[in-house]
S.K.: 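First the structure, then my questions, so here it is.
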Amino acid sequence: MSPAHGPARTALITGGAGFVGCNVAADLLADGWRVRILDDLSRAGVRENLDWLLASYPDRVEPVVADLLDARRLELALAGVDAVYHFAAQVAVTTSLEDPAADFRVNLLGTFRLLEAIRALGRPAPLVFASTNKVYGDLAALPLREEPRRYVSPQLPAVDEGRALDFHTPYGCSKGGAEQYVLDYARSYAIPATVLRMSCIYGPRQFGTEDQGWVAHFLIRALEDEPIDVFGDGKQVRDILYVGDLVRAQRAALEHIDRLAGRAWNIGGGLANSVSLLEVLDLIADVTGERPAVRFRAPRAGDQRYYVSNCNAFAAVTGWAPGVAPAQGIAQLAAWLREHRLARAARAETVAGGR
């Protein structure tokens, strides 16, 4: 089931002013869609992303500033839509440990309410839900070999969807529970819905923090000449994925929803784009010309020493594959961050001059 073709196509993106949401929105808008964005604008930087979308596509962006649990606003936001991307979430493991009730409310209850609202539609819209590799747990039992700059997993180089789920931390529980509701609503109520388990997305319009968006956070700290905190020994491995590649995957998920519905799929950079934290610091040094200062801290709860996605199943259905290598993507993100800092400084100077 694909969205109807023609000028009236409308997508609802929950969390659409966030990093991933606004990139998906921009791609849809460039392709002629209308985009309705449901976002409470509570995260740092998201209002700026929304302003960017409104300035770029003033006639086809409809912001709905509301909490996902506002039933009336959610009902209005869903009216007449051809597709739903669900990105609204609490996204940090650390925050979930500090306030598990809030994490539950946003991630699990919010997703349940969205599913019920979609079920109430006369014609349920297709839904693409953003989940996380954290549903596989910390993978602590995975045998690893320690090398000078990274860990290596000889027995399981990449995790596929057949791996047993093992929710760790309230964040893992809330996202894992939410995705299981999405999959069951596809099965029980014939909602054309699918789940993408995403792994370490980075790229322009990401205002990374220490708790989430670590590649951007590392770059921002380096460009500001500030030390970077690394939790653990830095040899942890992730398969980072450039946001442009993720956007193509999100669009492919909607295009092939009839074949993807009712299943969860891994979406990450795969082995070819796997890097350790130390290797990312090396790439940042290549971009900035100076090695950033690093402070090593104790490992954090639920942190995986090794995680790489096996995305072969999704690729077999859709033909999708990552195209941006880490060195290229990090250079592109650095260029955007520099441009963004200059633009922000220019705006501040203009405001100061007008006083």
Side-chain angles (χ1 to χ4, degrees), residues 14-15 17-21 39-40 42-46 67-69 85-115 127-142 159 161 163-184 195-202 206-218 229-232 236-241 243 246 264-268 277 297-309:
T14 73
F19 160 53
V20 170
D39 202 304
D40 66 2
S42 59
R43 286 177 57 80
V46 297
D67 189 294
L68 187 60
L69 295 178
Y85 284 102
H86 181 30
F87 301 126
Q90 191 295 112
V91 294
V93 169
T94 50
T95 302
S96 79
L97 288 164
E98 293 164 2
D99 192 347
D103 178 83
F104 168 86
R105 176 182 176 275
V106 175
N107 290 351
L108 188 48
L109 182 58
T111 300
F112 173 77
R113 292 282 181 82
L114 175 63
L115 287 167
L127 168 68
V128 181
F129 173 63
S131 188
T132 170
N133 64 41
K134 293 296 188 289
V135 299
Y136 297 114
D138 62 8
L139 302 174
L142 199 64
V159 175
E161 295 87 349
R163 181 81 183 182
L165 301 182
D166 186 17
F167 305 158
H168 282 218
T169 75
Y171 173 73
C173 292
S174 65
K175 291 296 286 187
E179 75 162 46
Q180 294 305 300
Y181 265 98
V182 171
L183 297 177
D184 189 69
V195 170
L196 302 187
R197 293 173 178 158
M198 305 191 307
S199 181
C200 291
I201 315 303
Y202 72 103
Q206 185 176 36
F207 303 97
T209 68
E210 194 169 71
D211 298 322
Q212 196 271 337
W214 63 272
V215 175
H217 173 68
F218 279 15
D229 288 333
V230 171
F231 296 90
Q236 305 98 302
V237 169
R238 299 289 183 271
D239 60 323
I240 63 176
L241 182 66
V243 70
L246 174 67
W265 310 83
N266 289 343
I267 302 294
L277 276 62
R297 308 293 193 189
R300 294 181 295 192
D303 195 20
Q304 300 154 325
R305 288 195 301 164
Y306 184 95
Y307 180 83
V308 173
S309 303

S.K.: Looking only at heavy atoms, which two atoms of Ala178 and Phe129 are closest? And how far apart?
M.R.: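 What the structure gives for the nearest pair is CB-CZ, 3.8 Å.
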S.K.: Nearest 0.5 Å please: distance from the CG atom of Leu127 over to the CG atom of Leu115.
M.R.: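 So the CG of Leu127 and the CG of Leu115 are separated by 6.0 Å.
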S.K.: Do Asn266 and Tyr136 meet the criterion of a side-chain donor-acceptor pair at a distance under 3.5 Å?
M.R.: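 A pair is found: one side chain offers a donor N or O, the other an acceptor, under 3.5 Å apart.
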S.K.: Step by step, work out the salt bridge (Lys or Arg N to Asp or Glu O under 4.0 Å) result for Arg197 and Glu179.
M.R.: CA-CA 9 Å; Arg197 293 173 178 158; Glu179 75 162 46; 2.4 Å; yes
S.K.: Just so I know, are the side chains of Val46 and Phe207 near enough to count as touching, which here means a heavy-atom distance under 4.5 Å?
M.R.: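 The answer is no; the side chains never approach within 4.5 Å.
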S.K.: Among Lys134, Arg300, His168, find the one that has a side chain to side chain contact (heavy atoms under 4.5 Å, CB included) with Val93.
M.R.: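 Only match with Val93 under side chain to side chain contact (heavy atoms under 4.5 Å, CB included): Lys134.
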S.K.: Look up atom OG in Ser131 and atom NE2 in His86, then write down how far apart they are to the nearest 0.5 Å.
M.R.: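 Those atoms lie 10.0 Å apart.
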S.K.: What's the spacing between Cys173 SG and Asn107 CG if we round to 0.5 Å?
M.R.: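 These two atoms lie 11.0 Å from each other.
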S.K.: Please round to the nearest 0.5 Å and tell me the distance separating atom CD of Gln180 and atom OG1 of Thr111.
M.R.: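 Rounded to the nearest 0.5 Å, the CD-OG1 separation comes out at 12.0 Å.
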S.K.: Begin with the C-alpha distance, continue with both residues' side-chain angles, and end with the deciding distance and a verdict on side-chain contact (heavy atoms from CB on, under 4.5 Å) for Tyr307 and Val237.
M.R.: CA-CA 6 Å; Tyr307 180 83; Val237 169; over 6 Å; no
S.K.: Looking only at atom types and distance, does a side-chain atom of Gln90 sit under 3.5 Å from a main-chain N or O of Ala92, one as donor and one as acceptor?
M.R.: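 Flag set: sc Gln90 to bb Ala92 pair under 3.5 Å.
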S.K.: Search all heavy atoms of Asp103 against all heavy atoms of Pro170 and return the closest pair with its distance.
M.R.: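 Looking at all heavy atoms of both residues, the shortest contact is OD2-O, 3.1 Å.
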S.K.: Can you tell me how the ring of Phe112 sits relative to the ring of Tyr181, calling it parallel under 30°, perpendicular over 60° and tilted otherwise?
M.R.: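 Because their plane-to-plane angle is over 60°, the rings of Phe112 and Tyr181 count as perpendicular.
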S.K.: Carefully, step by step, assess Arg105 and Asp67 under the rule side-chain contact (heavy atoms from CB on, under 4.5 Å).
M.R.: CA-CA 11 Å; Arg105 176 182 176 275; Asp67 189 294; 3.0 Å; yes
S.K.: Should the pair Tyr85 and Phe87 be assigned to parallel (<30°), tilted (30 to 60°) or perpendicular (>60°) ring geometry?
M.R.: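 Answer is parallel, since the angle falls under 30°.
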S.K.: Report yes if some heavy atom in the side chain of Asn133 is under 4.5 Å from a heavy atom in the side chain of Val159; otherwise report no.
M.R.: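 Asn133 does not reach Val159 side chain to side chain.
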S.K.: Are the side chains of Tyr202 and Leu241 in contact, using a 4.5 Å heavy-atom criterion?
M.R.: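 No, their side chains stay 4.5 Å or more apart.
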S.K.: Taking all non-hydrogen atoms of both residues into account, name the closest pair between Ala264 and Glu161 and its distance.
M.R.: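 Here Ala264 and Glu161 meet closest at O-CG, 3.4 Å.
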S.K.: What are the two closest heavy atoms between Gly137 and Gln304, and how far apart are they?
M.R.: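 Looking at all heavy atoms of both residues, the closest pair is O-NE2, 2.8 Å.
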S.K.: So, for Arg163 and Leu139, which heavy atoms are closest and what is the spacing to 0.1 Å?
M.R.: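 Answer, listing the atom of Arg163 first, then Leu139: NE-CD2, 3.7 Å.
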S.K.: Answer whether the closest heavy-atom distance between the side chains of Leu97 and Tyr171 falls below 4.5 Å.
M.R.: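 When only atoms from C-beta onward are counted, Tyr171 and Leu97 do not touch, as no gap falls below 4.5 Å.
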S.K.: Which atoms form the tightest heavy-atom contact between Asp39 and Ser42, and what is the distance?
M.R.: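 Heavy atoms only, the tightest pair is OD1-N, 4.4 Å.
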S.K.: Between Ser174 and Phe104 (side chain of the first, backbone of the second, donor and acceptor by atom type, cut-off under 3.5 Å), is there such a pair?
M.R.: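 No, because the side chain of Ser174 does not come within donor-acceptor range (under 3.5 Å) of the backbone of Phe104.
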